[in-house]
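Throughout, protein chains are lettered first and strands after them, A, B, ... in sequence-line order, and every chain is numbered starting at 1. It should be emphasised that the depicted structure is a prediction, and the values quoted were computed from it without experimental measurement.
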Amino acid sequence: MPMLNRSPATEEEAISVQLSLRQQCENRSPIDAGSIHIVAGADAAYAREQVFGALVCISFPERKILDQAVGQASITFPYIPGLFAFRELPVLETTFQNLRTIPDLLIAEGHGYAHPRRFGLASHLGTVLGVPTIGVAKKPLTCEVRVPGPDRGSVSEIIDENEVIGMAVRSKPGTRPVYVSRGFGTRLDLAVEIVLGLSGDHRMPEPLVLADRLARKARSDWKAGR
DNA sequence: GCGACAG
DNA sequence: ATCTTGTCGC
């Protein structure tokens, strides 16, 4: 089954795609925490014109690795803040096809609703795959955030245009907070709950740490064999 | 116009 | 994200 999706040719086209898919995203009713048993993390690593994707599924809340997959693609879109999804989406879709397990929830590295148009990578990926998602980013995108308290579990709201669009979460003491938002089929409170349930050993939730390592390994394996 | 700007 | 050794600090 060939993948006929092309990357947008212009920024304007990319933005209109976001505005269109956003409607579809908002249609999906949110899942609840009780239905989450398998959580996946998604990440990518770059080498020149190649990008390597990785997905790792773990059990929740036990954190046992259940399945994982990698994928490779050529880069087809530049990095533009606000349009980041168009850079990583193709390889993550390919990687998802290589996965044997359908996760109950997918964690993307980047923002979901906490986005200028409320449709970041996490929202976009979830909408395209039909899998509930949340976004976890290392930095806020557009708006500044109050700093949460020093204790693990402390949170502060990310507010834009008088709306709470995400949460800064102290996932590990002594490190900078992570920026959490809902994606496709999820709510912010659940997103925060999951992040706190899967972090602590590291600042980022475990599935993202594992996916990051796997993507880097896929890249080094590729470099070694050429 | 200038600076900011997920990864 | 990536290019990259040593180094300051807990």
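- Taking atom CZ on A:Arg117 and atom P on B:dA6, their separation rounds to 13 Å, with Å as the unit.
- Residue contacts shown for A:Arg48 are absent, as no nucleic acid heavy atom lies under 4.0 Å away.
- Using a 4.0 Å heavy-atom criterion, one finds that A:Ala45 contacts the sugar-phosphate atoms exclusively.
- Relative ring orientation between A:Phe77 and A:Phe86 is described as tilted, the plane-to-plane angle lying within the 30° to 60° band.
- If you check B:dA6, C:dT2, B:dG7 against the side chain of A:Leu121, the one that comes closest is B:dA6.
- When heavy atoms are screened at a 4.0 angstrom cut-off, A:Pro116 is found touching no nucleic acid atom at all.
- The CG atom of A:Leu89 sits 14 Å away from the C1' atom of B:dA6 (whole-angstrom rounding).
- For the segment residues 79-88 of chain A, the set of residues with a heavy atom within less than 4.0 Å of an atom of DNA chain B comprises A:Tyr79, A:Pro81, A:Gly82, A:Leu83, A:Phe84, in numerical order.
- Atom-to-atom, CD1 of A:Ile158 to C1' of B:dC5 comes out at 15 Å; the value is rounded to the nearest Å.
- Remark: the backbone N or O of A:Thr175 is paired with a side-chain donor or acceptor of A:Arg170 at under 3.5 angstrom.
- Atom OH of A:Tyr179 and atom P of B:dG7 are 10 Å apart (whole Å).
- Per the geometry, CD belonging to A:Glu11 stands 12 Å off C1' belonging to B:dC5, to the nearest Å.
- Taking the ring centroids of A:Tyr179 and A:His111, they lie at or beyond the 6.0 Å cut-off.
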I'd like a table of donor-acceptor pairs (distance under 3.5 Å, sequence neighbours excluded) in which one partner is a side-chain atom from residues 55-64 of chain A, with atom names and distances.
unit_1  : atom_1 : unit_2   : atom_2 : d
A:Ser59 : OG     : A:Arg63  : N      : 3.4
A:Ser59 : OG     : A:Lys64  : N      : 3.0
A:Arg63 : NH1    : A:Asp201 : OD2    : 3.4
A:Arg63 : NH1    : A:Glu206 : OE1    : 3.0
A:Arg63 : NH2    : A:Gly197 : O      : 3.2
A:Arg63 : NH2    : A:Ser199 : O      : 3.1

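- Per the geometry, CZ belonging to A:Arg219 stands 8 Å off C1' belonging to C:dT2, to the nearest Å.
- How far CE of A:Met204 is from CG of A:Leu198: 12.0 Å, rounded to the nearest 0.5 Å.
- Sorted by first then second residue, the side chain to side chain donor-acceptor pair (under 3.5 Å) pairs that include residues 99-110 of chain A, not counting sequence neighbours, are A:Asp67-A:Thr101, A:Glu109-A:Lys138.
- A straight line from CE of A:Met204 to P of C:dA1 spans 9 Å, rounded to a whole angstrom.
- One finds no side-chain N or O of A:Lys139 lying less than 4.0 angstrom from the OP1 or OP2 phosphate oxygen of B:dA4.
- A salt bridge links A:Arg118 with A:Asp160: the closest approach of a Lys/Arg side-chain nitrogen to an acidic carboxylate oxygen falls below 4.0 angstrom.
- Put simply, CG on A:Leu92 is 14 Å from P on C:dA1, counting in whole angstrom units.
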